[in-house]
Amino acid sequence: MAKVNKFVYWTPRILGILFILFLAIFSLDVFEGNYGFWETILALFIHNIPALILLILLIISWKHELVGAITFILAGLLYITWLLLNPKLEWYMLFWALQIAGPAFFIGILFFIGWKQKRKNKKSLRKLNKKY
């Protein structure tokens with residue numbers, strides 16, 4: 001296995017976990033409603049579908065960094081698209097894009113850097129093996 005800088009390896013994974021937890025916090029607003037037990041469970045599940053999808057893809061990204069790069073960059077783009085298509089868009093909502101899509105882009109870029117670094121190291125190892 002090709003070696004990758006520890007910072008580049010661990011940072012997107014840890015930030016990915018924190019980002020998913022950050023998204024999951026938004027689902028806690030279901031407790032403000034007057035729902036029954038099962039309605040609350042269903043509402044929590046529905047609110048956490050994006051976080052659950054990102055969690056599954058983060059688990060896959062743990063070994064395949066390119067999946068993480070595509071996933072988080074695409075998640076940021078999807079959020080910005082969803083925000084811009086909102087008919088009630090206000091100017092201050094653009095700051096939400098910085099708070100949600102910004103970290104997603106950053107995590108995706110770090111996964112991409114890790115993938116490139118791993119790929120470069122594999123090529124170097126192949127060249128070294130051919131030499132000897």
Side-chain angles (χ1 to χ4, degrees):
M1 184 172 130
K3 292 277 186 182
V4 179
N5 181 329
K6 285 184 180 186
F7 177 81
V8 173
Y9 181 83
W10 284 108
T11 304
R13 288 157 176 82
I14 292 169
L15 289 177
I17 292 168
L18 293 174
F19 181 70
I20 292 167
L21 289 172
F22 174 69
L23 291 179
I25 288 173
F26 291 113
S27 69
L28 297 178
D29 68 343
V30 300
F31 293 111
E32 292 177 359
N34 293 328
Y35 302 120
F37 177 75
W38 292 111
E39 291 169 328
T40 302
I41 297 297
L42 181 62
L44 275 171
F45 176 73
I46 290 171
H47 277 77
N48 281 311
I49 288 174
L52 291 171
I53 291 170
L54 279 176
L55 178 63
I56 291 166
L57 290 168
L58 178 65
I59 291 168
I60 295 168
S61 303
W62 212 273
K63 186 154 181 113
H64 307 284
E65 289 88 356
L66 187 58
V67 173
I70 293 169
T71 295
F72 282 94
I73 291 171
L74 188 61
L77 289 173
L78 285 173
Y79 181 76
I80 289 173
T81 302
W82 174 78
L83 191 64
L84 292 176
L85 293 177
N86 185 351
K88 298 177 184 176
L89 180 68
E90 298 285 335
W91 66 269
Y92 62 87
M93 291 178 173
L94 297 176
F95 289 110
W96 296 354
L98 292 175
Q99 294 172 343
I100 305 285
F105 287 142
F106 182 67
I107 294 166
I109 290 167
L110 287 175
F111 268 119
F112 184 75
I113 291 169
W115 174 75
K116 286 289 274 187
Q117 196 175 69
K118 188 186 235 185
R119 193 168 162 228
K120 179 181 157 194
N121 289 344
K122 281 183 182 180
K123 283 183 181 179
S124 298
L125 285 174
R126 275 191 231 130
K127 284 183 183 179
L128 189 62
N129 286 336
K130 283 183 182 180
K131 211 177 203 183
Y132 295 104

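Closest approach of A97 to I80, counting heavy atoms only: CB-CG1, 4.1 Å. Scanning all heavy atoms of the two residues, the minimum distance from M93 to K88 falls at CE-O, 3.5 Å. Considering all non-hydrogen atoms of both residues, P103 and F19 come closest at CB-CD1, 4.0 Å. The two residues A51 and L23 come nearest to each other via the heavy atoms CB-CB, 4.5 Å. Nearest heavy atoms, V8 versus L110: CG1-O, 4.1 Å. When all heavy atoms are compared, the tightest approach of I107 to P12 is CG2-O, 3.7 Å.
In the hydrophobic clustering of this structure, L44 does not group with L55; members are Ile, Leu, Val, Met, Phe, Trp, Tyr whose side-chain heavy atoms approach within less than 4.5 Å, directly or through other members. Hydrophobic clustering, with ILVMFWY side chains joined whenever heavy atoms are under 4.5 angstrom apart, groups W96 together with I20. Linking ILVMFWY side-chain heavy atoms closer than 4.5 Å, directly or via other members, places I100 and L98 in a single hydrophobic cluster. Under the 4.5 Å side-chain heavy-atom criterion for grouping Ile, Leu, Val, Met, Phe, Trp and Tyr, Y92 is connected to L84 within one hydrophobic cluster. Y79 and L89 fall within a single hydrophobic cluster, where Ile, Leu, Val, Met, Phe, Trp and Tyr side chains are chained together by heavy-atom contacts under 4.5 Å.
Rounding to the nearest 0.5 Å gives a distance of 7.5 Å between CD1 of I14 and CG of L18. Atom CD1 of residue I53 and atom CG of residue N48 lie 11.0 Å apart, to the nearest 0.5 angstrom.
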### Task
Test side chain to side chain contact (heavy atoms under 4.5 Å, CB included) on L54 and F72 and set out the steps.
CA-CA 8 Å; L54 279 176; F72 282 94; 4.2 Å; yes
### Task
Go through the steps for Y9 and K118 under the test side chain to side chain contact (heavy atoms under 4.5 Å, CB included), then give the verdict.
CA-CA 10 Å; Y9 181 83; K118 188 186 235 185; 5.9 Å; no
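A ring pair (Phe, Tyr, Trp, His ring centres under 6.0 Å) check over residues 26-55, counting only residues at least two apart or in different chains, returns the pairs F22-F26.
Remark: F105 CZ is packed, more than 12 non-hydrogen atoms of other residues, nucleotides or ligands lying under 6.0 Å away. A 6.0 Å sphere centred on CH2 of W82 holds no more than 12 heavy atoms belonging to other residues, nucleotides or ligands.
Formation of a donor-acceptor pair under 3.5 Å by the Q117 side chain with backbone atoms of N5 is found in this model.
Using cut-offs of 30° and 60° for the angle between ring planes, the W62 and W10 rings count as perpendicular.
Through side-chain heavy atoms spaced under 4.5 Å, either directly or across other Ile, Leu, Val, Met, Phe, Trp or Tyr residues, L66 is tied to I70, F112, W115.
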